[in-house]
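These notes concern the structure reproduced below.
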Amino acid sequence: MQFRDLKAQYWNLKAEIDDAMLGVVSDCNFIGGKQVKELEEGLASYVGVKHCITCANGTDALTMAMMAWGVGKGDAVFVPDFTFFSSGEVVSHCGATPIFVDVNEKTFNIDCESLEKAIKIVSKEGKLNPKAVIAVDLFGLPAEFDNLKEIAEKYNLLLLEDGAQGFGGHIADDNGSFKRACSFGDIATTSFFPAKPLGCYGDGGAVFTDSDEWADVLRSIAVHGKGAQKYDNIRIGMNSRLDAIQAAILKVKFKAFVNYELEDVNKVARWYNERLSDVVRTPGIADCYFSSWAQYTIKLKNRKSRDILQTKLKEHDIPSAVYYSKPMHEQAAFGGDGTCMHYVTMMDYSITERLCNTVLSLPMHPYLSEKDVEIVCTTIKEYLYDM
Ligand SMILES: *Cc1c(COP(=O)(O)O)cnc(C)c1O
């Protein structure tokens, strides 16, 4: 059993993917061009925003957004305490201070009440300029964007959606229409790292926005701060492009993602829910939310029972993973930034700390069979009855 079965996906799409890769190689058009342009148009239209700018990876996508907004020294950027390192790294990288915020125990996403508290603490102190919020769609579930938008407007903050894990998810409204992940926030980003909901065969990423002005700046930043012409450089940028070969692969995988993978992975989530919701705490998805299930993450009673369960699964050759074992505010990398640590001492991270001790992510991908789900769940139940 695979944690995320990329081989099964390849065998399913082999003829088309091989064709796509060979097409790029025989065209010898390796950077930019038709493949990248078509992919960007397809992604923007699916997500429902005006612009998609692809780039080299999801971390660069976040960095480019920070750069486009001119985030820098003296700025405070609010980041969930329970997320992948990148979400906070990019803030420090541009010289600003990440302010870590506790998350909601049910959704794993940034907690709106804690966010508002953190904004007030930083504002009251008056040392930093509250500039932006990075809301992460953790494990595939969109963050609480209705509330987040309100808070961002109230405190005049820019809202960045880190949709690295969220691509394909959505939030519906009462009328049955919905908005997709990567359309929330003033700018949104995603990652095409192989294990993400929509992955390529290496590194890749994208930035989404409705703003023509930011889109221009982002395209410039991605190519060394180019001006109207390539060798006219009007700002300090970076070299962050998606390879044509990755774009060609993504075009094939994107079709499968939209046509059936997203439905199939939701079916797998239902199989897990049916078998596990009475025995462990299963992921809670509110009615109008739709997850792309980057991870299926259960919660155990405490660290000991989580760790023993993981060992037991391993004995049965069932892969599992702990995302994440350490809160952002405990990462040594942020410890050197006195400003960052100063704010850490003023916040409460009890939920993130508990999650780090109790979460366990189970095998999850669109090619998982009901039989394999049954094996995983039976093993979990045996363990729990033995306790
Ligand atoms: C994977 C991930 C990123 C970074 O994406 P890369 O393509 O690996 O650089 C950023 N944020 C979150 C939440 C992620 O899961």
Side-chain angles (χ1 to χ4, degrees), residues 3-4 6 39 43 52-67 77-94 98 100-101 103-104 107-110 132-145 148 159-169 181-182 184-185 187-208 218 221-222 238-243 246-247 249-250 253 283 291-297 321-328 331 333-334 352 355-356 359 361 364-365:
F3 190 70
R4 189 154 191 99
L6 297 174
L39 176 72
L43 295 174
C52 167
I53 299 103
T54 53
C55 62
N57 56 69
T59 308
D60 278 6
L62 292 166
T63 301
M64 283 159 55
M66 294 283 106
M67 288 168 78
V77 179
F78 301 86
V79 179
D81 198 36
F82 190 64
T83 179
F84 179 62
F85 185 62
S86 273
S87 321
E89 178 181 34
V90 297
V91 177
S92 294
H93 196 258
C94 67
F100 299 114
V101 176
V103 296
N104 180 296
T107 63
F108 304 110
N109 284 329
I110 196 163
V133 180
I134 300 182
V136 180
D137 301 331
L138 206 74
F139 302 154
L141 180 69
E144 237 177 276
F145 283 104
L148 289 168
L159 181 58
L160 175 54
E161 175 187 6
D162 178 352
Q165 302 180 15
F167 190 83
C182 297
F184 304 107
I187 293 182
T189 63
T190 197
S191 162
F192 304 123
F193 182 81
K196 307 282 172 167
L198 177 62
C200 62
Y201 285 174
D203 279 309
V207 189
F208 298 86
L218 289 161
I221 289 170
M238 52 208 284
N239 174 19
S240 189
R241 295 175 292 225
L242 183 72
D243 291 333
Q246 300 299 350
I249 292 163
L250 278 167
K253 298 230 276 172
S291 175
S292 58
W293 295 107
Q295 304 294 342
Y296 185 91
T297 304
V322 175
Y323 299 121
Y324 297 92
S325 56
K326 204 183 232 187
M328 294 286 270
Q331 292 288 1
F334 299 113
T352 298
L355 289 175
C356 289
V359 289
S361 301
M364 190 61 173
H365 57 83

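Note that the numbering runs from 1 along the sequence shown for the chain. Order of appearance sets the numbers: ligands from 1, and atoms from 1 within every ligand.
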Practice task
Any atoms of ligand 1 less than 4.0 Å from a non-hydrogen atom of V136? List them with their elements.
Solution key: 13 (C)
Handout entry: Residue Q165 vicinity, atoms of ligand 1 by number, heavy atom under 4.0 Å
Key = 13 (C), 14 (C), 15 (O)
Handout entry: Contact partition for T83 relative to ligand 1, non-hydrogen atoms under 4.0 Å
Key = side chain
Handout entry: Worked verdict on L141 versus F108 for side chain to side chain contact (heavy atoms under 4.5 Å, CB included)
Key = CA-CA 9 Å; L141 180 69; F108 304 110; over 6 Å; no
Exercise for the section: Identify, by atom number and element, the atoms of ligand 1 in contact range of S191, meaning under 4.0 Å from any of its heavy atoms. Expected result: 5 (O), 6 (P), 7 (O)
Practice task
Please indicate whether any nitrogen or oxygen in A164 is less than 3.5 Å from any nitrogen or oxygen in ligand 1.
Solution key: no
Completion exercise
One should read off an interatomic distance between L39 CG and C52 SG, to the nearest 0.5 angstrom, of 6.5 Å
Completion exercise
Here the pair of heavy atoms bringing R4 nearest to A294 is NH1-O, 3.7 Å
Handout entry: Residues M328, D81; criterion side chain to side chain contact (heavy atoms under 4.5 Å, CB included); working and verdict
Key = CA-CA 5 Å; M328 294 286 270; D81 198 36; 3.4 Å; yes
Exercise for the section: Please state which part of N57 comes within less than 4.0 Å of ligand 1, counting heavy atoms only: side chain, backbone, both or neither. Expected result: both
Practice task
Indicate the ring-plane relationship of F139 and Y324, choosing parallel, tilted or perpendicular according to the 30° and 60° boundaries.
Solution key: parallel
Practice task
Would you mind reporting whether L159 and F145 have side-chain heavy atoms less than 4.5 Å apart?
Solution key: yes
Practice task
Pick one of side chain, backbone, both or neither for how T59 approaches ligand 1, counting any non-hydrogen atom pair under 4.0 Å.
Solution key: both
Practice task
Would you check whether S86 has a nitrogen or oxygen atom less than 3.5 angstrom from a nitrogen or oxygen atom of ligand 1?
Solution key: no
Exercise for the section: Tell me, please, whether F84 has K196 positioned over its six-membered ring: NZ or CZ under 6.0 Å from the ring centre and within 45 degrees of its axis? Expected result: yes
Exercise for the section: Return a yes/no value for Y324: is any of its N or O atoms, backbone included, closer than 3.5 angstrom to an N or O of ligand 1? Expected result: no
